[in-house]
Amino acid sequence: MSRKKVIDPTLVDGISKDLFCVTPLLRKKLLHMDVIQNECGIPLSHVQVLSMLDESGSMSVSEISQRLGIAKPNITPLVDRLIESHYVDRIRDAQDRRVVNIVILDEGREKLKCIHETVSNQVRSWAEALTAPEFRSLAESLGSLRHILEKLA
């Protein structure tokens with residue numbers, strides 16, 4: 001017989017409130033996307049697609065749409081812009097010619113290196129504002145958050 005989890009309502013309320021507080025702070029304090037866009041000339045949505053493709057090798061437009069939570073008709077023009085920039089390409093699946101996958105190209109990987117360097121510079125600057133234990137705590141917390149969010153997805 002399975003036992004039902006007892007969830008503390010104040011804990012749920014606290015998590016809900018923290019989500020609303022943390023979300024804008026993540027964009028403002030951690031992910032300075034304006035810096036990434038200025039230094040690397042690429043919007044966040046493109047960065048996310050390049051990163052997913054670099055990690056997975058190739059994905060269909062439907063898979064990209066599902067992972068980003070963006071409607072498929074909105075992903076197609078984004079992919080078209082990445083193709084125009086020579087960051088990705090479309091290839092037909094060898095097993096099923098109806099399936100078209102998006103793959104990252106060498107120029108896309110080079111762009112990701114630029115982005116990673118920009119983000120690394122931002123992270124280095126945080127080390128100056130935080131104590132060593134706070135910096136370690138941030139690293140551990142982000143790792144925990146990633147693990148938890150992957151479980152929820």
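Everything quoted here is computed from the prediction, not taken from an experiment. As a basis for the values below, the full set of heavy atoms in this structure was taken, side chains included, without hydrogen atoms, waters or symmetry mates. The residues of the chain are indexed from 1 along the displayed sequence.
Two different hydrophobic clusters hold V103 and V49 under the rule that ILVMFWY side chains link at heavy-atom gaps under 4.5 Å. In the hydrophobic clustering of ILVMFWY residues, with side-chain heavy atoms under 4.5 Å counting as a link, V100 and M59 come out apart. Hydrophobic clustering (side-chain heavy atoms under 4.5 Å, transitive across Ile, Leu, Val, Met, Phe, Trp, Tyr) groups V22 together with L138. Residues L44 and I115 share a hydrophobic cluster, clusters being chains of Ile/Leu/Val/Met/Phe/Trp/Tyr side chains in contact below 4.5 Å. L50 and L105 are assigned to two separate hydrophobic clusters, defined by single-linkage of ILVMFWY side chains at heavy-atom distances under 4.5 Å.
Here the side chains of E107 and S85 are not in contact, with every heavy-atom distance at 4.5 Å or above. Proximity of Y87 to I42: side-chain heavy atoms (C-beta onward) are separated by under 4.5 Å at one or more points.
Note that the CG atom of L112 and the OG atom of S51 stand 6.0 Å from one another [nearest 0.5 Å]. Once rounded to the nearest 0.5 Å, the distance linking CD1 of I104 with CG of D54 reads 4.5 Å.
Looking only at distances, a side-chain donor or acceptor of S125 sits under 3.5 Å from a matching main-chain atom of Q122. E63 places a side-chain N or O within donor-acceptor distance of the main-chain N or O of S60, the cut-off being under 3.5 Å.
Side-chain contact annotation: E134 with S137, donor-acceptor N/O pair under 3.5 Å absent.
Within a 6.0 Å radius of CG in D106, other residues, nucleotides and ligands contribute 12 heavy atoms or fewer. Applying the 6.0 Å contact sphere to CZ of R124 captures more than 12 heavy atoms from other residues, nucleotides or ligands.
Using a 4.0 Å cut-off between charged side-chain N and carboxylate O, K113 and E110 make a salt bridge. Using a 4.0 Å cut-off between charged side-chain N and carboxylate O, D13 and K17 make a salt bridge. The residues R90 and D80 are annotated as salt-bridged, a charged nitrogen and a carboxylate oxygen being separated by less than 4.0 angstrom.
The one candidate from I83, L78, V79 that meets the side chain to side chain contact (heavy atoms under 4.5 Å, CB included) condition with R81 is L78.
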